[in-house]
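All values below were derived from every heavy atom in this structure, side-chain atoms included, with hydrogens, water molecules and symmetry-related copies excluded. The chains referred to below are lettered A, B, ... by the order of the sequence lines, with proteins before strands, and numbering in each begins at 1.
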Amino acid sequence: MIDVPYDERIPGFVTLVLKQGESHYRDFPWRHTRDPYAVLVSEIMLQQTQVARVLPYWERWLLDFPTLDALAAAPLEAILRAWQGLGYNRRAVALKRLAELLSQQPDGRPAVLPDDDAALRALPGVGPSTAAGVRAFAYGQPSVYLETNVRAVVLHELFADSTEVSDRELLPLLAQAAEFSVASGVEPHVWNCALLDYGAFLKSSRPNPSRRSAHHTRQTRFEGSKRQKRARLLRLVLEVPFVSSEEAARELGGDVEEAIQLLGELQAEGFVVTDGTGWRVN
DNA sequence: ATCCTGGTCT
DNA sequence: AGACCAGGAT
């Protein structure tokens with residue numbers, strides 16, 4: 001972290017965010033649990049996906065796979081089916097791997113999600129934001145949780161006239177604010193909820209302030225993309241038990257070479273396996 | 001019909 | 001720096 005001088009605006013910023021967070025508070029089911037696994041699942045699902053779409057998936061997921069050990073024991077096929085429609089299917093594969101890693105406890109003890117930043121970030125699919133979210137919302141530990149809604153708040157309040165702002169500039173101020181809120185006796189989950197809820201409000205009421213982040217990028221079109229083709233192939237493999245390369249090619253309306261190439265990539269990422277004559281879910 | 005959104009990994 | 005998914009907004 002860059003060592004920058006203490007910013008005099010921090011106390012006012014924290015007070016304002018807490019007040020705005022209260023005004024725009026959103027009541028999500030994952031805010032009513034401290035189960036680290038349930039919190040982790042919400043964080044992973046929310047990584048790239050809107051809240052409205054995550055809600056039913058999160059509820060269903062915890063019924064189907066109530067614990068890390070249940071997830072570790074479940075077939076990947078069931079896991080990928082439960083993920084269908086959420087997007088970025090690699091997250092489901094990573095979650096399965098994570099569960100398998102943690103459930104390999106001696107004496108068959110229940111799997112435990114770590115609570116420290118380094119151990120969390122060493123897990124597949126867990127980066128800085130997800131680790132910070134789990135630490136605050138499951139374990140009540142102070143964390144610097146920089147994701148898109150939080151970025152919107154910091155950019156709007158502390159970088160109003162700047163463009164191309166990098167996270168390296170935002171992080172020290174967010175860290176100072178987090179520290180101030182803790183010192184003021186505010187629970188880490190209350191502070192981070194306030195950031196998220198105020199950020200979501202800002203994004204809904206004006207052009208997304210996160211566009212002024214240096215890291216903001218525009219997505220390439222989905223129609224006709226490789227992403228779309230991968231999604232179609234995975235869907236096909238989940239629909240029928242065994243898919244030949246020719247069937248896969250027909251699904252894409254393309255050539256067999258392309259289908260084999262894409263399925264090979266899906267295999268390398270752990271989605272599917274082949275026996276040489278066709279493909280099935282790993 | 002085209003545009004817009006996003007955290008992690010390579 | 002660029003790839004990964006999908007649905008809602010415009």
> Can you tell me how far C1' of C/dA6 sits from CD of A/Q84, to the nearest Å?
Replying inline: 11 Å
> Starting at NZ of A/K203 and ending at C1' of B/dC4, how long is that distance when rounded to a whole Å?
Replying inline: 11 Å
>> I want to confirm an ordering. Mapping A/S210 and A/G125 to their closest nucleotides on DNA chain B, which one lands closer to the 5' end?
In response: A/S210
> Going by an N to O cut-off under 4.0 Å, is there a salt bridge joining A/E246 and A/R250?
Replying inline: no
>> Expressed as a whole number of angstroms, how long is the span from A/R221:CZ to C/dA3:C1'?
In response: 17 Å
> Under 4.0 Å between a side-chain N/O of A/K226 and OP1 or OP2 of C/dC4, yes or no?
Replying inline: yes
> Side chains of A/L174 and A/L195: closer than 4.5 Å at any heavy-atom pair?
Replying inline: yes
> Testing A/R135, A/Q47, A/E147, A/E43 for side-chain hydrogen bond (donor to acceptor under 3.5 Å, both in side chains) with A/T130, which one passes?
Replying inline: A/Q47
>> For a quick test of reading the model: is some side-chain N or O of A/K229 closer than 4.0 Å to OP1 or OP2 of C/dC5?
In response: no
> Under 4.0 Å between a side-chain N/O of A/R218 and OP1 or OP2 of B/dC4, yes or no?
Replying inline: yes
> When rounded to the nearest Å, what value does the distance between P atoms of B/dT8 and C/dG7 take?
Replying inline: 22 Å
>> Taking only side-chain N and O atoms of A/R230, does any of them lie within less than 4.0 angstrom of OP1 or OP2 on C/dC5?
In response: yes
> Which part of the nucleic acid does A/Q47 contact within heavy-atom distance under 4.0 Å: base, sugar-phosphate only, or nothing?
Replying inline: sugar-phosphate
> Can you tell me if the side-chain N/O atoms of A/R151 get under 4.0 Å from OP1 or OP2 in B/dG7?
Replying inline: yes
> When rounded to the nearest Å, what value does the distance between C1' atoms of B/dT10 and C/dA6 take?
Replying inline: 23 Å
> If only side-chain N and O atoms of A/R53 are considered, is one of them under 4.0 Å from the OP1 or OP2 phosphate oxygen of B/dG6?
Replying inline: no
>> For a quick test of reading the model: is some side-chain N or O of A/N208 closer than 4.0 Å to OP1 or OP2 of B/dG6?
In response: yes
>> Just the rounded figure in Å: distance from P of C/dA6 to CZ of A/R90.
In response: 12 Å
> Within this structure, what is the CE-to-C1' distance between A/M45 and B/dG6, rounded to whole angstrom?
Replying inline: 16 Å
>> Measuring from atom CZ of A/F137 to atom OG of A/S143, what distance do you get when rounded to the nearest 0.5 angstrom?
In response: 7.5 Å
> Just checking A/T217: base, sugar-phosphate only, or nothing, at a heavy-atom cut-off of under 4.0 Å?
Replying inline: nothing
> Side-chain N or O of A/H216 less than 4.0 angstrom from OP1 or OP2 on B/dT5?
Replying inline: yes
>> When you measure only distances, ignoring hydrogens and angles, does the side chain of A/Y88 come within 3.5 Å of the base of B/dG6 through a donor and an acceptor?
In response: yes
>> Counting distance alone, no hydrogens or angles: does the base of C/dG8 have a donor or acceptor under 3.5 Å from a partner atom on the side chain of A/Q50?
In response: no
> Just how far, in rounded Å, is P of B/dT8 from CG of A/L146?
Replying inline: 10 Å
> Rounding to a whole Å, what distance do you find between A/I44:CD1 and B/dG6:C1'?
Replying inline: 14 Å
>> Categorize A/R235 for me: base, sugar-phosphate, or nothing, with a 4.0 angstrom heavy-atom threshold over every strand shown.
In response: sugar-phosphate
> Does a distance-only test, which skips hydrogens and angles, find a donor-acceptor pair under 3.5 Å between the side chain of A/Q219 and the base of B/dG6?
Replying inline: yes
> Can you check the A/N89 CG to C/dA3 P distance for me, whole Å?
Replying inline: 18 Å
>> Please determine whether a side-chain nitrogen or oxygen atom of A/T49 lies at a distance below 4.0 Å from atom OP1 or OP2 of B/dT5.
In response: no
> Can you list the residues that meet the side chain to side chain contact (heavy atoms under 4.5 Å, CB included) rule with A/V51, with sequence neighbours excluded?
Replying inline: A/R26, A/F28, A/W30, A/L46, A/L55
> Relative to the ring of A/H156, is the ring of A/Y198 parallel (under 30°), tilted (30 to 60°) or perpendicular (over 60°)?
Replying inline: perpendicular
